[in-house]
Amino acid sequence: MAEAIQKKLQSELEKYQQMQKDVSKSMSARQKLEAQLTENNIVKEELDLLDGQNTVYKLIGPVLVKQDLDEAKATVAKRLEYINGEIQRYETLLKEMERKSDQHREVLASLQQEYQRAQGRAIGKV
């Protein structure tokens, strides 16, 4: 009896640990997106300071290529929109993972109590 509970407890613990790894990866990805968001907001602010007479260059590989100011602003705006969407997606994903993690934690606690009771009964029989 206690052995079966122990196996189930071990299995749930492994699932919980994997979930924690996934949460960590998602948080790391979200932090990278936050950094990209900040960087792109700075670029947007700098582009907003320019007028039509200024020259804008875009780095493509090792080469700087001339780019239209309006095109550069549109590209940055699209990038910001995409990054914000991805951040929202990760926030939703993290909330869902947090909910599942809480459920796993509760299951682990109940299995641990059940295992301890089973061990107590086994000791009482001896």
Side-chain angles (χ1 to χ4, degrees):
M1 172 89 177
E3 197 172 301
I5 296 171
Q6 184 179 13
K7 285 181 181 179
K8 191 171 182 181
L9 182 64
Q10 185 65 31
S11 171
E12 286 295 322
L13 183 61
E14 288 171 3
K15 288 178 187 176
Y16 179 73
Q17 289 171 337
Q18 182 60 45
M19 169 113 7
Q20 292 304 105
K21 286 180 186 176
D22 292 343
V23 167
S24 180
K25 286 179 187 176
S26 293
M27 288 183 86
S28 176
R30 187 183 179 285
Q31 287 174 337
K32 286 179 184 177
L33 286 168
E34 288 287 342
Q36 289 177 354
L37 181 68
T38 302
E39 183 179 318
N40 279 280
N41 276 326
I42 292 170
V43 171
K44 182 182 181 305
E45 289 171 11
E46 290 297 318
L47 287 175
D48 288 342
L49 296 174
L50 302 177
D51 59 21
Q53 296 174 353
N54 296 104
T55 306
V56 178
Y57 293 94
K58 179 179 182 177
L59 184 64
I60 300 177
V63 181
L64 284 174
V65 178
K66 199 173 200 177
Q67 187 177 29
D68 181 54
L69 179 61
D70 292 331
E71 185 182 332
K73 286 181 179 181
T75 300
V76 171
K78 284 180 188 175
R79 200 175 305 137
L80 284 170
E81 185 180 318
Y82 171 77
I83 291 170
N84 280 319
E86 285 296 295
I87 288 173
Q88 290 299 319
R89 187 176 71 82
Y90 272 102
E91 284 178 358
T92 304
L93 181 67
L94 284 168
K95 284 179 187 174
E96 180 65 21
M97 287 178 157
E98 190 75 28
R99 187 185 62 75
K100 286 182 180 179
S101 181
D102 288 342
Q103 287 176 344
H104 272 290
R105 210 172 302 130
E106 289 172 12
V107 168
L108 281 171
S110 67
L111 281 172
Q112 201 168 17
Q113 289 173 353
E114 193 177 326
Y115 178 67
Q116 287 171 347
R117 280 194 301 268
Q119 274 190 322
R121 280 188 233 127
I123 291 172
K125 289 180 182 177
V126 174

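Here the side chains of Arg99 and Lys95 are not in contact, with every heavy-atom distance at 4.5 Å or above. When side chains are defined from C-beta on, Gln18 counts as touching Asp22, because their heavy atoms get closer than 4.5 Å. For the pair Glu46/Leu49, a side-chain contact is recorded, criterion being any heavy-atom separation below 4.5 Å from C-beta on. In this structure, Arg105 and Ser101 have side chains that are in contact, with non-hydrogen atoms separated by less than 4.5 Å. Two residues are said to be in side-chain contact when any heavy atoms from C-beta on lie closer than 4.5 Å; Val56 and Asp68 fail this criterion. Counting heavy atoms from C-beta on, the side chains of Leu37 and Glu34 come closer than 4.5 Å. When side chains are defined from C-beta on, Thr75 counts as touching Gln67, because their heavy atoms get closer than 4.5 Å.
Shortest non-hydrogen contact noted between Ile5 and Leu111 is CG2-O, 3.8 Å. Shown here for Asn40 and Leu80, the closest heavy-atom pair between the two residues is CB-CD2, 3.5 Å. Nearest approach of Gly52 to Leu69, heavy atoms of both residues: N-CD2, 4.2 Å.
Distance CD/Glu12 to CD/Gln103: 10.5 Å, rounded to 0.5 Å. To the nearest 0.5 angstrom, Glu39 atom CD is 8.5 Å from Arg79 atom CZ. Taking NZ of Lys58 as the reference point, atom CD of Glu71 lies at 6.5 Å (rounded to 0.5 Å). The CD atom of Gln88 lies 12.5 Å from the CG atom of Leu93; values are rounded to the nearest 0.5 Å. To the nearest 0.5 Å, the span separating NZ on Lys25 from OH on Tyr90 amounts to 11.0 Å.
Checked by atom type and distance alone, the side chain of Ser26 never pairs as donor or acceptor with a backbone atom of Val23 at under 3.5 Å.
More than 12 heavy atoms of other shown residues, nucleotides or ligands fall within 6.0 angstrom of atom NZ in Lys73.
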| message | Apply salt bridge (charged side-chain N to carboxylate O under 4.0 Å, His left out) to residues Glu114 and Arg117 and explain how you reach the verdict. | response | CA-CA 5 Å; Glu114 193 177 326; Arg117 280 194 301 268; 5.2 Å; no
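When the side chains of ILVMFWY residues are joined at heavy-atom separations under 4.5 Å, either directly or via intervening members, Met19 and Leu9 end up in two distinct hydrophobic clusters. By the rule that hydrophobic residues join a cluster once side-chain heavy atoms approach within less than 4.5 Å of another member, Tyr82 and Ile87 end up as members of one cluster. Residues Leu13 and Met97 do not share a hydrophobic cluster, defined by chaining ILVMFWY side chains whose heavy atoms lie under 4.5 Å apart. Cluster membership for Met27 and Ile83, using ILVMFWY side-chain heavy atoms within less than 4.5 angstrom, is shared.
Across Leu47, Ile42, Asp48, a single residue satisfies side-chain contact (heavy atoms from CB on, under 4.5 Å) together with Val76, and that is Leu47.
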